[in-house]
Amino acid sequence: MFTQAGLFLLDALIGFLTFALLLRFYMQAFRVSFRNQVGAFVVQLTNWLVMPLRKVLPGLFGLDLASLLPAYLLQVLLLFAVFLLRGGLDVVVTGTLPGLIFWTALLATLRISVYLLIGALFLQAILSWVNSHSPLAQPLAQLTRPFLDPIRRIVPPIAAIDLSPLIAILLAQVVLIFL
(Lines give C-alpha, C1' and ligand atoms only; values in the text may rest on other atoms or scores of the structure.)
Protein backbone atom coordinates (compact mmCIF):
# COMPACT_ATOMS: atom_id res chain seq x y z
CA MET A 1 0.00 0.00 0.00
CA PHE A 2 2.84 2.39 0.86
CA THR A 3 4.52 1.47 -2.43
CA GLN A 4 1.41 2.40 -4.42
CA ALA A 5 1.03 5.73 -2.60
CA GLY A 6 4.74 6.46 -3.08
CA LEU A 7 4.56 5.62 -6.79
CA PHE A 8 1.47 7.78 -7.18
CA LEU A 9 3.19 10.76 -5.56
CA LEU A 10 6.40 10.19 -7.52
CA ASP A 11 4.43 9.90 -10.76
CA ALA A 12 2.47 13.09 -9.99
CA LEU A 13 5.61 15.07 -9.11
CA ILE A 14 7.68 13.84 -12.04
CA GLY A 15 4.72 14.19 -14.41
CA PHE A 16 4.14 17.80 -13.36
CA LEU A 17 7.82 18.71 -13.72
CA THR A 18 8.04 16.91 -17.07
CA PHE A 19 4.96 18.80 -18.26
CA ALA A 20 6.52 22.13 -17.20
CA LEU A 21 9.84 21.31 -18.89
CA LEU A 22 8.12 20.30 -22.11
CA LEU A 23 5.96 23.41 -22.04
CA ARG A 24 9.12 25.49 -21.67
CA PHE A 25 10.75 23.60 -24.55
CA TYR A 26 7.77 24.11 -26.87
CA MET A 27 7.30 27.73 -25.88
CA GLN A 28 10.92 28.39 -26.83
CA ALA A 29 10.75 26.28 -29.99
CA PHE A 30 7.64 28.10 -31.25
CA ARG A 31 8.86 31.52 -30.09
CA VAL A 32 6.03 32.01 -27.61
CA SER A 33 6.49 34.99 -25.33
CA PHE A 34 7.31 34.21 -21.71
CA ARG A 35 5.91 37.60 -20.66
CA ASN A 36 2.66 36.20 -19.30
CA GLN A 37 1.56 34.38 -16.18
CA VAL A 38 2.09 30.88 -17.55
CA GLY A 39 5.48 31.73 -19.05
CA ALA A 40 6.70 33.32 -15.82
CA PHE A 41 5.44 30.33 -13.82
CA VAL A 42 7.15 27.82 -16.12
CA VAL A 43 10.44 29.72 -16.07
CA GLN A 44 10.47 30.08 -12.28
CA LEU A 45 9.50 26.44 -11.80
CA THR A 46 12.17 25.03 -14.13
CA ASN A 47 15.06 27.50 -13.92
CA TRP A 48 16.80 25.53 -11.14
CA LEU A 49 17.17 22.60 -13.53
CA VAL A 50 17.49 24.27 -16.93
CA MET A 51 19.98 27.06 -16.21
CA PRO A 52 22.84 24.85 -14.94
CA LEU A 53 22.30 22.45 -17.85
CA ARG A 54 22.53 25.26 -20.40
CA LYS A 55 26.15 25.77 -19.35
CA VAL A 56 27.10 22.25 -20.43
CA LEU A 57 24.38 21.34 -22.94
CA PRO A 58 24.17 23.65 -25.95
CA GLY A 59 21.09 24.05 -28.06
CA LEU A 60 20.71 22.17 -31.32
CA PHE A 61 19.19 23.85 -34.40
CA GLY A 62 17.64 26.50 -32.15
CA LEU A 63 16.06 23.90 -29.84
CA ASP A 64 16.65 24.11 -26.11
CA LEU A 65 18.01 20.69 -25.19
CA ALA A 66 18.47 21.84 -21.59
CA SER A 67 14.67 21.75 -21.27
CA LEU A 68 14.02 18.64 -23.35
CA LEU A 69 16.67 16.30 -21.97
CA PRO A 70 15.63 16.59 -18.31
CA ALA A 71 12.01 15.93 -19.28
CA TYR A 72 13.10 12.69 -20.92
CA LEU A 73 15.47 11.75 -18.09
CA LEU A 74 12.71 12.30 -15.53
CA GLN A 75 10.61 9.74 -17.39
CA VAL A 76 13.57 7.34 -17.38
CA LEU A 77 13.94 7.89 -13.63
CA LEU A 78 10.25 7.24 -13.07
CA LEU A 79 10.33 3.98 -15.03
CA PHE A 80 13.45 2.80 -13.18
CA ALA A 81 11.71 3.56 -9.89
CA VAL A 82 8.62 1.63 -10.96
CA PHE A 83 10.70 -1.40 -11.94
CA LEU A 84 12.78 -1.20 -8.76
CA LEU A 85 9.73 -1.03 -6.52
CA ARG A 86 7.86 -3.76 -8.37
CA GLY A 87 10.58 -6.11 -9.60
CA GLY A 88 13.75 -5.49 -7.64
CA LEU A 89 17.22 -4.36 -8.67
CA ASP A 90 18.18 -7.65 -10.36
CA VAL A 91 15.37 -7.22 -12.89
CA VAL A 92 16.47 -3.67 -13.81
CA VAL A 93 20.13 -4.48 -14.36
CA THR A 94 19.77 -7.70 -16.36
CA GLY A 95 18.74 -8.38 -19.91
CA THR A 96 17.15 -5.95 -22.30
CA LEU A 97 15.18 -4.12 -19.63
CA PRO A 98 17.37 -0.96 -19.63
CA GLY A 99 16.83 -0.56 -23.38
CA LEU A 100 13.12 -1.12 -22.89
CA ILE A 101 13.04 1.51 -20.16
CA PHE A 102 14.82 4.09 -22.35
CA TRP A 103 12.45 3.39 -25.26
CA THR A 104 9.36 3.48 -23.04
CA ALA A 105 10.55 6.77 -21.50
CA LEU A 106 10.86 8.24 -25.00
CA LEU A 107 7.31 7.16 -25.80
CA ALA A 108 6.08 8.55 -22.45
CA THR A 109 7.74 11.90 -23.20
CA LEU A 110 6.10 12.00 -26.62
CA ARG A 111 2.76 11.06 -25.06
CA ILE A 112 3.02 13.92 -22.57
CA SER A 113 3.84 16.25 -25.47
CA VAL A 114 0.67 15.19 -27.27
CA TYR A 115 -1.38 15.67 -24.09
CA LEU A 116 0.16 19.13 -23.76
CA LEU A 117 -0.97 19.95 -27.30
CA ILE A 118 -4.48 18.63 -26.67
CA GLY A 119 -4.74 20.67 -23.47
CA ALA A 120 -3.55 23.81 -25.24
CA LEU A 121 -6.07 23.26 -28.04
CA PHE A 122 -8.94 22.74 -25.59
CA LEU A 123 -7.95 25.78 -23.55
CA GLN A 124 -7.62 27.91 -26.67
CA ALA A 125 -11.06 26.82 -27.90
CA ILE A 126 -12.67 27.56 -24.54
CA LEU A 127 -11.00 30.96 -24.29
CA SER A 128 -12.13 31.83 -27.82
CA TRP A 129 -15.73 31.28 -26.72
CA VAL A 130 -15.50 32.84 -23.26
CA ASN A 131 -12.85 35.57 -23.38
CA SER A 132 -10.89 35.90 -26.59
CA HIS A 133 -8.91 38.83 -25.15
CA SER A 134 -7.59 36.86 -22.19
CA PRO A 135 -3.88 37.29 -21.39
CA LEU A 136 -3.43 33.59 -22.19
CA ALA A 137 -5.08 33.76 -25.63
CA GLN A 138 -2.02 35.06 -27.49
CA PRO A 139 0.50 32.59 -26.02
CA LEU A 140 -1.89 29.70 -26.67
CA ALA A 141 -2.40 30.86 -30.25
CA GLN A 142 1.38 31.02 -30.74
CA LEU A 143 1.80 27.55 -29.23
CA THR A 144 -0.88 25.89 -31.37
CA ARG A 145 -0.39 27.83 -34.62
CA PRO A 146 2.25 25.43 -36.07
CA PHE A 147 -0.27 22.60 -35.74
CA LEU A 148 -3.38 24.47 -36.82
CA ASP A 149 -2.08 26.41 -39.83
CA PRO A 150 -1.58 23.34 -42.08
CA ILE A 151 -5.08 22.13 -41.20
CA ARG A 152 -6.54 25.59 -41.87
CA ARG A 153 -5.03 25.53 -45.37
CA ILE A 154 -6.91 22.32 -46.12
CA VAL A 155 -10.14 22.94 -44.16
CA PRO A 156 -11.24 26.59 -44.25
CA PRO A 157 -13.71 27.93 -41.66
CA ILE A 158 -17.27 26.86 -42.30
CA ALA A 159 -19.83 29.62 -41.60
CA ALA A 160 -17.14 31.48 -39.62
CA ILE A 161 -16.51 28.43 -37.41
CA ASP A 162 -12.94 27.18 -37.34
CA LEU A 163 -12.90 23.38 -37.20
CA SER A 164 -9.11 23.10 -37.23
CA PRO A 165 -8.77 22.68 -33.42
CA LEU A 166 -11.25 19.81 -33.49
CA ILE A 167 -9.41 18.14 -36.36
CA ALA A 168 -6.06 18.68 -34.61
CA ILE A 169 -7.41 17.09 -31.42
CA LEU A 170 -8.70 14.09 -33.40
CA LEU A 171 -5.33 13.70 -35.12
CA ALA A 172 -3.56 13.98 -31.76
CA GLN A 173 -5.81 11.24 -30.40
CA VAL A 174 -4.81 9.03 -33.34
CA VAL A 175 -1.16 9.70 -32.53
CA LEU A 176 -1.83 8.71 -28.90
CA ILE A 177 -3.30 5.41 -30.09
CA PHE A 178 -0.03 4.60 -31.82
CA LEU A 179 2.11 5.75 -28.88
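Position 1 is the first residue of the sequence, and the numbers go up from there. Only this structure's heavy atoms are used, side chains among them; waters, hydrogens and symmetry mates stay out.
Between atom CD1 of residue Ile169 and atom CG of residue Leu176 there is a gap of 11.5 Å, rounded to the nearest 0.5 Å. Note that CD1 of Ile118 and CG of Leu171 are 10.0 Å apart. Values are rounded to the nearest 0.5 Å. The line from OH of Tyr26 to CG of Leu63 is 9.5 Å long, rounded to the nearest 0.5 Å. Atom-to-atom distance recorded for Leu57:CG and Leu68:CG is 9.5 Å, nearest 0.5 angstrom. Here CD1 of Ile14 is found 11.5 Å from CG of Leu21. Values are rounded to the nearest 0.5 Å. Atom CG in Leu73 sits 10.0 Å away from atom OG1 in Thr18 (nearest 0.5 Å).
With ring centers used as reference points, Phe147 lies under 6.0 Å from Phe30.
Arg54 and Ala66 make their closest contact through CG-CB, 3.5 Å (heavy atoms, listed as atom of the first residue, atom of the second, distance). A pairwise comparison of heavy atoms in Pro139 and Asn36 identifies CG-ND2, 3.0 Å as the closest pair. For the pair Pro70 and Leu65, the tightest heavy-atom approach, listed with the atom from each and the gap, is CD-O, 3.8 Å. Nearest heavy atom pair, residue Phe102 against residue Tyr72, reads O-OH, 2.9 Å. Closest approach of Asp64 and Ser67 over heavy atoms only: OD2-OG, 2.5 Å. Scanning all heavy atoms of the two residues, the minimum distance from Ala120 to Leu143 falls at CB-CD2, 4.1 Å.
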Inset, instruction - Show your reasoning for whether side-chain contact (heavy atoms from CB on, under 4.5 Å) applies to Phe41 and Gln37. - result: CA-CA 6 Å; Phe41 176 75; Gln37 295 167 337; over 6 Å; no

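For the 3.5 Å distance criterion, the side chains of Arg24 and Asn47 qualify, holding a donor opposite an acceptor. Checking Thr109 against Gln75 by side-chain atom types alone, no donor-acceptor pair falls below 3.5 Å.
Note: the hydrophobic cluster containing Val114 also contains Leu106 (ILVMFWY, side chain heavy atoms under 4.5 Å, direct or indirect links). Under the 4.5 Å side-chain heavy-atom criterion for ILVMFWY residues, no single connected hydrophobic cluster contains both Ile167 and Leu140. Trp103 and Ile177 fall into different hydrophobic clusters, defined by Ile, Leu, Val, Met, Phe, Trp and Tyr side-chain heavy atoms under 4.5 Å apart, directly or through other members.
Applying the salt bridge (charged side-chain N to carboxylate O under 4.0 Å, His left out) test to Arg152 and every residue at least two apart in sequence or in another chain returns Asp149, Asp162.
Shown here is Phe122, whose CZ atom has no more than 12 heavy atoms of other residues, nucleotides or ligands within 6.0 Å. Residue Arg31 places its CZ atom among 12 or fewer non-hydrogen atoms of other residues, nucleotides or ligands, all under 6.0 Å distant.
In terms of modelled atom types and a separation under 3.5 Å, the side chain of Asn131 and the main chain of Ser128 share no donor-acceptor contact.
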